[in-house]
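Contents: one structure, followed by commentary.
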Amino acid sequence: MLQHARHGPVEKSPARAHEPVLALSGVSKSFPGVRALSKVSLELYPGEVTALVGENGAGKSTLVKILTGIYQPDEGTIFLGGKEVSFSSAYDAHRAGITAIHQETVLFDELSVAENIFLGHAPRGRFGLIDRKRMVAEAAAVLKRIGADIDPQARLRDLGIASKHLVAIARAFSIEAGIVIMDEPTAALSQKEIEELFALIGRLKADGKAILFISHKFDEVFRIADRYAVFRDGESVGAGLISETDHDALVRLMVGRPVDQIFPKKKVEIGEPVLTVSGYCHPTEFEDISFELRRGEILGFYGLVGSGRSELMQALFGVTKPSKGAVKIDGKVAIIRSPEQAIRYGMVYVPEERGRQGAIAGLPIFQNITLPALKRTSRYGFLRLAEEFRLARQYAERLDLRAASLDRDVGTLSGGNQQKVVIAKWLATIPRVIILDEPTKGIDIGSKAAVHEFMSELVAQGLSIIMVSSEIPEILGMSDRIIVMREGRIAAEFAREEADAEKLVRTAAGIGGAA
Amino acid sequence: MTVASTRPHIPDRLENPWRMALFSWETLLIVVAVAIFIANSLASPYFLNVWSLSDLTFNFTEKGLIALAMALLIVAGEIDLSVAAIIALSSTMMGMAVQAGADTPVLVLIAIGTGLACGIFNGALVTRLGLPSIVVTIGTMSLFRGISYIILGDQAYKGYPAGFAFFGQGYVWWVISFELVLFIVAAFVFGVLLHRTSFGRTIYAIGNNPVAATFSGVPVERVKFILFCLTGLMSGIASICLTSRLASTRPSIAFGWELEVVTMVVLGGVSILGGAGSIPGVVLAAIIMGLVTFGLGLLNVPGIVMSIFTGLLLITVIALPILWNRLRQKGA
Ligand SMILES: Nc1ncnc2c1ncn2[C@@H]1O[C@H](COP(=O)(O)OP(=O)(O)OP(=O)(O)O)[C@@H](O)[C@H]1O
Ligand SMILES: [Mg+2]
């Protein structure tokens, strides 16, 4: 599909000098103590994908919120189709034909999938009442269009985070819009869903829509974007045609200096088994899981969305109850019924859903980081603030956190920086077994290298890591061994040397031939 | 590593804590308290007198004792509307014990035990069965007071022993009543508990995001259970003071106090949605409520007007922060 679009008439359009449908100039936005955007400009063209790149906290999501009427700019102008506009609410932007997939999706757990998709713009029948039947049918159609296999009548709370994310994507596409904005739409999606999304983007381009695509994954940027724009510290530092730039040039613009893209994993001596899981079952999520994690090892878990990886890890961490099976830590049977107990065993889980499970938005950064480690920072149950700040700083700086100060509420940080706080939280307990679920989701390339370097250092100290990731380069680059899950079962296991992208994708999708 | 070279240092805090304190809700409460104090002294010549001021403290000490525990519960995202009914039930139990000839120490134990038992009952229903606390405690509010009505009918227990009078009528030194001292000590203990211990920190975490708190290893249900027990316990203690002060028990004792206690807590800056608030704020709010009731009393304002006032105050302090945020977002 994408191929098709590339050969179509749209492909030639970047060369033609045509008018942008949306143009921003001199847009600024400040928050208390932070200048998030400073006189930025940006242009979007019909039938083209513009990639917006920049480090964590560069101001990308702030710009998206300005374009969708959630924030109002302090200064600057927005031209839509040549006319100056200003959006005082999300509804205004929606009516002007702008739709967006936000980085932190706001959906309603108690509503159905269809209701979430059409909230605020449901199809209406007689007397202006919501036409439920049509709504469900149309929801099913949108979900099918993005290739998501989700029941429109399911309640949202019963879905996993990635499926919720697909619902958010469906919501954006249920709105007829000329301008489509996607703020890290592929974070935590696996290859299959990403392909579906890209095919859809191809069709949108062919329809002449203007697309703004934000991502920290450069392979995606180079694959689907026609143009790029780079922000650094809230300023526009460059824009142009993708065909006239390359990876290194873009990174240099973004960071202001060259960066090693992927941290090379150090070789570490692998020791005795630390965690042994056997015959582990759950009534609905996974079946008969057995594996072993050794000292100094990084064990990767790959699979499609809904393959049961996160559910398995949450059961190991004591959040949910398995129906059968045994867990041994250091050869001794471990009974873990709550995260509290798991942490006492020295096993932690860095959750995937940072907004709900990971970050406590209303508490300061340092209190977030020390929460699981309060036993270490307090004495006789009394808090020691100096100790807390020390511990928080140690991990925050290690993970390349960008924040004005440690007493800022986590909710005011950019998405990628919130993710760094979430990683820091559980590492600060000094665990022996670390389960990381999509650890670098939303983290920029420079900081990603810092996270990977840190992981390498931890295993060198004799810790063991399980890493659930949907990002193939990350899985291939960091894991000593890779387990692929499919539909709640272990489909295959690969040693580092024998694994490649093709095998992982085929095994995860259940396409014959591999494994 | 190239990445490591430019890692910035992150300071602990940027704003001066004193400056932040200056613009806090608590500062506003102090200003309001002083203003009402001045208004009272202008309105009535009898106000500025040590004994008047000493009498004034009885307007808030008993409710304040409960408000301290309630504050923790509301910060954790729960609420207990049965506190006044717990007072009635504890008082009734003490009255029954008096009829059976019990002496002061036994009465104290009975009140504390009843309060604690009620707290355990509420806590178990909320945490074990996973029911919403507002529903549970509206139910137990009727239940506990209902038991008092069944036992007492339209009767009243009197004849409390002489020693028992000290809790509600005694003075520790000069004009400083026992109740006031008890309130100050309790405020200190609850202040330390909420602001200086890791237990207190987990209360904020739970109120902000119970799921993330669970993932962080916080025993959410256990903490909530303890908070319900504490609230029950403080209601039992308040019952001792109130019963001693009135020297009698009627089933209608402390009727409607739950709303005054909640108003006190919310006026003190505790978010009704949970996750934020402070003990100093609640103490100031208790003092303000005491000053206002006393002032209105000096002006001979009837009781019904006072309860209208409490209702308006409750709506205002709940709505104010929400409206304030909405305004700020528009402006930002
Ligand atoms: N509501 C807010 N209150 C205060 N500061 C904010 C708020 N929203 C964003 N900021 C600040 O504005 C800056 C830009 O944040 P933004 O979310 O736009 O970054 P981003 O480019 O999307 O980063 P990421 O790649 O991590 O998603 C950051 O310094 C952030 O802390
Ligand atoms: Mg962002």
Side-chain angles (χ1 to χ4, degrees), chain A residues 31 33 71-72 256-260 263 314 317 319 338-344 348-349 351 353 356-363 365-368 370-372 374-375 377-378 381-383 385 389 392-393 396-398 400-408 425-426 429 446-447 449-450 453, chain B residues 1-17 19-20 23 75-77 191-223 226 271 273-277 325-326 328-332:
Chain A
F31 296 106
Y71 292 156
Q72 279 68 49
R257 61 194 150 82
V259 166
D260 308 345
F263 177 80
Q314 288 177 18
F317 191 52
V319 178
S338 67
E340 192 196 0
Q341 286 173 339
I343 292 172
R344 227 178 285 146
V348 297
Y349 169 71
E353 242 178 291
R356 210 172 68 88
Q357 305 166 334
I360 299 181
L363 289 189
I365 296 167
F366 78 97
Q367 296 189 6
N368 263 273
T370 56
L371 186 62
L374 276 180
K375 286 213 176 68
T377 55
S378 61
F382 289 94
L383 299 170
L385 284 190
F389 277 117
R393 167 157 321 95
E397 290 184 353
R398 204 55 245 271
D400 200 19
L401 180 76
R402 303 291 167 85
S405 62
L406 289 173
D407 67 343
R408 286 290 152 105
K425 263 179 87 162
W426 280 276
T429 61
S447 311
E453 183 192 359
Chain B
M1 255 324 306
T2 38
V3 211
S5 53
T6 53
R7 238 169 243 164
H9 175 84
I10 311 170
D12 289 355
R13 15 174 93 92
L14 283 180
E15 283 88 6
N16 182 332
R19 209 186 127 79
M20 299 230 317
F23 292 100
V75 170
V192 169
L193 185 65
L194 182 62
H195 300 297
R196 291 277 180 271
T197 68
S198 41
F199 181 78
R201 179 67 58 70
T202 62
I203 295 175
Y204 283 106
I206 293 171
N208 267 293
N209 184 343
V211 178
T214 308
F215 275 75
S216 305
V218 173
V220 173
E221 304 300 302
R222 199 188 317 148
V223 171
I226 292 172
S271 162
L273 305 171
N325 270 341
R326 215 172 276 168
R328 228 178 26 182
Q329 259 164 22
K330 277 266 153 62

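Proteins get letters first, then strands, A, B, ... in listed order; numbering begins at 1 in each. On a predicted model such as this, the values are computed, not experimentally measured, just so you know.
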Partners passing side chain to side chain donor-acceptor pair (under 3.5 Å) against B:Arg222 (at least two apart in sequence or in another chain): A:Glu340
Is any side-chain heavy atom of B:His195 less than 4.5 Å from a side-chain heavy atom of A:Leu383? no
A:Thr377 portion near chain B, given a 4.5 angstrom heavy-atom threshold: neither
At a heavy-atom distance under 4.5 Å, which candidate from B:Phe199, B:Tyr204, B:Phe215 has the highest pair count against chain A? B:Phe215
B:Ser216 side chain to B:Val218 main-chain N or O, any donor-acceptor pair under 3.5 Å? no
Below 4.5 Å from any heavy atom of chain B, which atoms of A:Arg408 appear? Answer side chain, backbone, both or neither. side chain
Counting only heavy atoms closer than 4.5 Å, note whether A:Phe382 contacts chain B via side chain, backbone, both or neither. both
Measure A:Leu385 against the heavy atoms of chain B and call it side chain, backbone, both or neither at under 4.5 Å. side chain
Segment of A:Ser338 engaging chain B (4.5 angstrom heavy-atom cut-off): neither
If you count heavy-atom pairs under 4.5 Å between each of A:Lys375, A:Arg344, A:Gln367 and chain B, which one has the most? A:Gln367
Under 4.5 Å to a heavy atom of chain B? For A:Arg393 that would be side chain
For a 4.5 angstrom cut-off between non-hydrogen side-chain atoms, does B:Val211 reach A:Glu353? no
Among A:Leu363, A:Asn368, A:Val348, which residue has the highest count of heavy-atom pairs closer than 4.5 Å to chain B? A:Leu363
Tell me if a side-chain donor or acceptor on B:Asn209 pairs with a main-chain N or O of A:Arg356 at a distance below 3.5 Å. yes
Please flag which part of A:Ala359 lies under 4.5 Å from any non-hydrogen atom of chain B: side chain, backbone, both or neither. backbone
Would you indicate whether the side-chain heavy atoms of B:Thr197 and A:Ser378 approach each other to under 4.5 Å? no
Flag side-chain contact, heavy atom, 4.5 Å: A:Phe389 against A:Thr370: no
